[in-house]
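Let me begin by presenting the structure, written as structure tokens, before commenting on it.
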Amino acid sequence: MNKKIQTNAVNHLFDAILCLETRQECYDFFEDLCTVNELLSISQRYEVASMLKNHKTYLEIAEKTGASTATISRVNRSLNYGNDGYDLVLGRLRAKQTDNP
């Protein structure tokens, strides 16, 4: 974990996120917290990660998401050398979808 981001303020933010219970609560909180562009950028990176895990090409990802090759490369680097956060979430969602077809 990057020690630079491990602060009381970040812990407080993550505690707030962890107490959200519904998608609507997420929308309400994140619309207040982020600008539209910030939220769209975050969601785009998540979509890129999902597509990379599904073995899509950079071209396919760029066409579907509008992400630049620099963004795709950055996400790919996180998938390969990061803290496995994307893998954790994508795996849990995949398992959840398998349990609830």
Side-chain angles (χ1 to χ4, degrees):
M1 178 185 316
N2 186 337
K3 298 293 183 191
K4 291 180 183 178
I5 66 166
Q6 197 173 17
T7 67
N8 286 336
V10 173
N11 286 340
H12 193 212
L13 171 64
F14 289 166
D15 289 343
I17 293 168
L18 288 168
C19 81
L20 299 171
E21 295 180 3
T22 66
R23 184 176 289 146
Q24 186 59 51
E25 288 179 355
C26 288
Y27 271 104
D28 293 343
F29 181 71
F30 280 96
E31 283 185 54
D32 286 348
L33 181 67
C34 301
T35 66
V36 171
N37 285 337
E38 288 169 335
L39 193 51
L40 292 175
S41 292
I42 292 167
S43 64
Q44 181 187 64
R45 288 193 296 271
Y46 179 74
E47 190 69 19
V48 167
S50 178
M51 293 179 76
L52 284 167
K53 291 300 285 183
N54 286 316
H55 309 290
K56 301 297 182 189
T57 66
Y58 276 35
L59 181 59
E60 290 172 308
I61 295 168
E63 286 176 354
K64 180 156 189 326
T65 67
S68 68
T69 55
T71 296
I72 298 167
S73 292
R74 181 176 178 267
V75 172
N76 194 42
R77 194 169 32 257
S78 291
L79 285 169
N80 291 317
Y81 305 107
N83 294 314
D84 297 326
Y86 283 122
D87 288 331
L88 174 73
V89 171
L90 291 167
R92 285 185 181 169
L93 285 174
R94 189 170 32 258
K96 192 175 188 177
Q97 290 169 346
T98 303
D99 292 342
N100 300 316

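Every heavy atom of this structure was used, including side-chain atoms; hydrogens, water molecules and symmetry mates were not. We're numbering straight along the sequence, starting at 1.
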Check the surroundings of atom [atom1] in [X]: do more than 12 heavy atoms from other residues, nucleotides or ligands lie under 6.0 Å from it?
X	atom1	result
N8	CG	no
R74	CZ	no
Y27	OH	no

As an exercise, state the distance from [atom1] of [X] to [atom2] of [Y], rounded to the nearest 0.5 Å.
X	Y	atom1	atom2	value
L33	C26	CG	SG	11.5 Å
C19	D15	SG	CG	8.5 Å
L18	L13	CG	CG	9.5 Å
K56	E47	NZ	CD	11.0 Å

T71 versus Q44, closest heavy-atom pair with distance: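 Taking every non-hydrogen atom into account, CG2-OE1, 4.2 Å.
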Members sharing L52's hydrophobic cluster (side chains within less than 4.5 Å):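 Besides L52, the cluster holds Y46, V48, M51, Y58, I61, I72, V75, L79, Y86, V89, L90, L93.
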Verdict with supporting geometry, F30 and L20, side chain to side chain contact (heavy atoms under 4.5 Å, CB included): CA-CA 10 Å; F30 280 96; L20 299 171; 4.1 Å; yes
Worked verdict on Q24 versus D28 for side chain to side chain contact (heavy atoms under 4.5 Å, CB included): CA-CA 6 Å; Q24 186 59 51; D28 293 343; 2.9 Å; yes
Evaluation steps, side chain to side chain contact (heavy atoms under 4.5 Å, CB included), between K96 and D99: CA-CA 5 Å; K96 192 175 188 177; D99 292 342; 5.7 Å; no
